[in-house]
2 protein chains.
Amino acid sequence: MSFAPTSSTWAATTIDALRGAGFRTGGARRAVIELLARQTCCLSAQEIWDGLRRESRPVGIASVYRVLEVLADLKLVQRLDVGGGVARYEPMLPSGDHHHHLVCDDCGKVEAFSDEPLEDALRDLGDQAGYDVDAHDVVLRGSCGDCRV
Amino acid sequence: MSFAPTSSTWAATTIDALRGAGFRTGGARRAVIELLARQTCCLSAQEIWDGLRRESRPVGIASVYRVLEVLADLKLVQRLDVGGGVARYEPMLPSGDHHHHLVCDDCGKVEAFSDEPLEDALRDLGDQAGYDVDAHDVVLRGSCGDCRV
DNA sequence: TGCGAAAATGATAGCGAGTCTCATAACTGC
DNA sequence: GCAGTTATGAGACTCGCTATCATTTTCGCA
Ligand SMILES: [Zn+2]
Ligand SMILES: [Zn+2]
Ligand SMILES: [Zn+2]
Ligand SMILES: [Zn+2]
């Protein structure tokens, strides 16, 4: 849940990691990273593109996808899917701090939650299966309090 | 994990449920349902289309998607996403029995697992958030034992 | 059993997220 | 600055999926 506090360092960490991996620093890449760093939850590529355009920092849509692909490969962002056939992305903090999502099938609302017992169960499962798990997705779908009437 | 035992009844239950909901019985719908009933894990729409064609039961691709949409709306199948931008579908047994998935990012292998502690944690979470949760997705991503070397 | 309204089906056009291509612009080491 | 290399962006393209619509099939009813 506490996301913003550490996210300012995420941008720096991420740019360092890219440098370390032999990438140069271009304007589009930096713009996408800085926008992502300001978020508290996931964004779609289109939303990132719109956001940058709105703040007069227009970037080619292809660049947005390219940056996201590189960041995902380096495990600096998590690509996730909450339905609707649109991929969403959010920063992966070095601390491992993260959250998961509740989606209301009726109104489309997306809420975040985090839960230690859940993380414990997931950690055990990965170990048990002999997998080196580096990410997990959890999405709960249903009707939120407002929609259930 | 135990899927096949109850899946033979799933086809009948599903066809009954459709009737009850006011749907007529068409050949395409029955073919898709019967193919799904024979599976132990998720299939994509294309895989279903290919499978039916291979068993000389060709069906329009549009019908496959339509049937899956209806079944998903009636919560008779679960639509899930293990990455790659392709939706997959698997029967939802009336018993509530189900499993989740481990995906190897290297070789693409998809394995199923089920775990009670995980289900308990998820149930608690839904209640806690005031959601009427009717489905949840859990996907663990990483490197399987074979790929990690 | 045969009719007709209404639903199911399938071919195909259309849509949109995401990828590929390639010419141009920007970065970096010299 | 210069050259070599990487990053960028416009647009063509791919492909999963949906919408459309003419045709076929189902099923209540006479
Ligand atoms: Zn989030
Ligand atoms: Zn988690
Ligand atoms: Zn499965
Ligand atoms: Zn479960």
Side-chain angles (χ1 to χ4, degrees), chain A residues 14-36 42-53 55-74 76-89 108, chain B residues 14-36 42-53 55-74 76-89 108:
Chain A
T14 296
I15 289 175
D16 283 357
L18 285 172
R19 260 232 168 68
F23 291 96
R24 291 182 185 173
T25 316
R29 195 168 283 159
R30 184 181 301 270
V32 170
I33 290 170
E34 286 174 354
L35 187 145
L36 272 174
C42 51
L43 285 183
S44 69
Q46 281 294 333
E47 287 168 344
I48 292 169
W49 187 80
D50 290 343
L52 290 174
R53 163 149 306 217
E55 50 190 69
S56 308
R57 196 70 173 62
V59 157
I61 187 73
S63 295
V64 173
Y65 282 107
R66 253 184 315 234
V67 174
L68 292 172
E69 187 188 359
V70 169
L71 294 179
D73 285 350
L74 268 55
L76 294 164
V77 303
Q78 175 157 19
R79 177 186 272 132
L80 57 99
D81 197 312
V82 297
V86 185
R88 305 188 145 262
Y89 303 83
Chain B
T14 297
I15 290 176
D16 283 357
L18 286 173
R19 261 231 168 70
F23 291 96
R24 291 182 184 173
T25 317
R29 194 169 284 159
R30 184 182 301 269
V32 171
I33 291 171
E34 286 174 353
L35 187 145
L36 272 174
C42 51
L43 285 183
S44 69
Q46 280 293 333
E47 287 168 343
I48 292 169
W49 187 80
D50 290 343
L52 291 174
R53 162 151 306 220
E55 50 190 68
S56 308
R57 196 70 174 64
V59 157
I61 187 73
S63 295
V64 174
Y65 281 106
R66 254 184 315 233
V67 174
L68 291 171
E69 187 189 359
V70 169
L71 294 179
D73 284 350
L74 268 54
L76 294 164
V77 304
Q78 174 155 19
R79 177 187 272 133
L80 56 99
D81 197 311
V82 298
V86 185
R88 304 188 145 263
Y89 302 83

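Chain identifiers are assigned alphabetically (A, B, ...) following the order of the sequence lines, protein sequences preceding nucleic acid strands; residue numbering begins at 1 within each chain.
Here chain B contacts DNA chain D (any atom closer than 4.0 Å to a heavy atom, that is under 4.0 Å), and the contacts span D:dG16 to D:dC27 from 5' to 3'.
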- Query: Nucleotide by nucleotide, 5' to 3', does protein get under 4.0 Å of the base (B), only the sugar-phosphate (S), or neither (-) in nucleotides 24-30 of chain C, counting heavy atoms?
  - Reply: --BBS--
Please write out the pairs of protein N or O atoms and N or O atoms of nucleotides 1-3 of chain C separated by less than 3.5 Å, giving the distance to one decimal.
none

Listing time: all N or O pairs from protein to nucleotides 14-18 of chain C that are below 3.5 Å?
from	atom 1	to	atom 2	distance (Å)
C:dG18	OP1	A:A87	N	2.8
C:dG18	OP2	A:Y65	OH	2.8

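The phosphate of C:dA8 has OP1 or OP2 within less than 4.0 Å of a side-chain N or O from B:R29.
Legend: residues meeting salt bridge (charged side-chain N to carboxylate O under 4.0 Å, His left out) with B:E34, ordered by chain and number and at least two apart, are absent. Residues passing the side chain to side chain donor-acceptor pair (under 3.5 Å) test with B:Q46, sequence neighbours excluded: none. B:R19 is linked by a side chain to side chain donor-acceptor pair (under 3.5 Å) to B:T25, counting only residues two or more places apart in sequence or in another chain. Applying the side chain to side chain donor-acceptor pair (under 3.5 Å) test to A:R30 and every residue at least two apart in sequence or in another chain returns nothing. Remark: B:R57 engages no residue in a side chain to side chain donor-acceptor pair (under 3.5 Å) (not counting sequence neighbours).
Rounded to 10 degrees, the angle separating the terminal helix axes of the helix from C:dT1-D:dA30 to C:dC30-D:dG1, each built from five base pairs, is 30°.
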- Query: Stepwise, does the side-chain contact (heavy atoms from CB on, under 4.5 Å) test hold for A:T14 with A:L36?
  - Reply: CA-CA 11 Å; A:T14 296; A:L36 272 174; over 6 Å; no
- Item | From CA spacing to verdict: side-chain contact (heavy atoms from CB on, under 4.5 Å), B:I33, B:L76 | CA-CA 10 Å; B:I33 291 171; B:L76 294 164; over 6 Å; no
Solution key, residues 58-72 of chain A side-chain donor-acceptor pairs under 3.5 Å, sequence neighbours excluded:
from	atom 1	to	atom 2	distance (Å)
A:S63	OG	A:R66	NH2	3.3

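Spacing between atom CG of A:L68 and atom P of C:dT19 amounts to 10 Å, rounded to whole angstrom units. Separating the CZ atom of B:R53 from the C1' atom of C:dT9 is a distance of 15 Å, rounded to the nearest angstrom.
For the atom pair CG (B:L35) and CG (B:L52), the distance works out to 5.0 Å, reported to the nearest 0.5 Å. Distance check: A:L18 CG to A:L74 CG gives 6.0 Å after rounding to the nearest 0.5 Å.
Evaluation of the side chain to side chain donor-acceptor pair (under 3.5 Å) test over residues 77-87 of chain A, restricted to residues two or more places apart or in two chains, returns A:Q78-A:D137, A:R79-A:Y89.
Residues B:F23 and B:A62 both approach DNA chain D. Their nearest nucleotides, taken by heavy-atom distance, put B:A62 toward the 5′ side.
What you find for B:R24 and B:R29 is that their closest heavy atoms are O-NH1, 2.9 Å.
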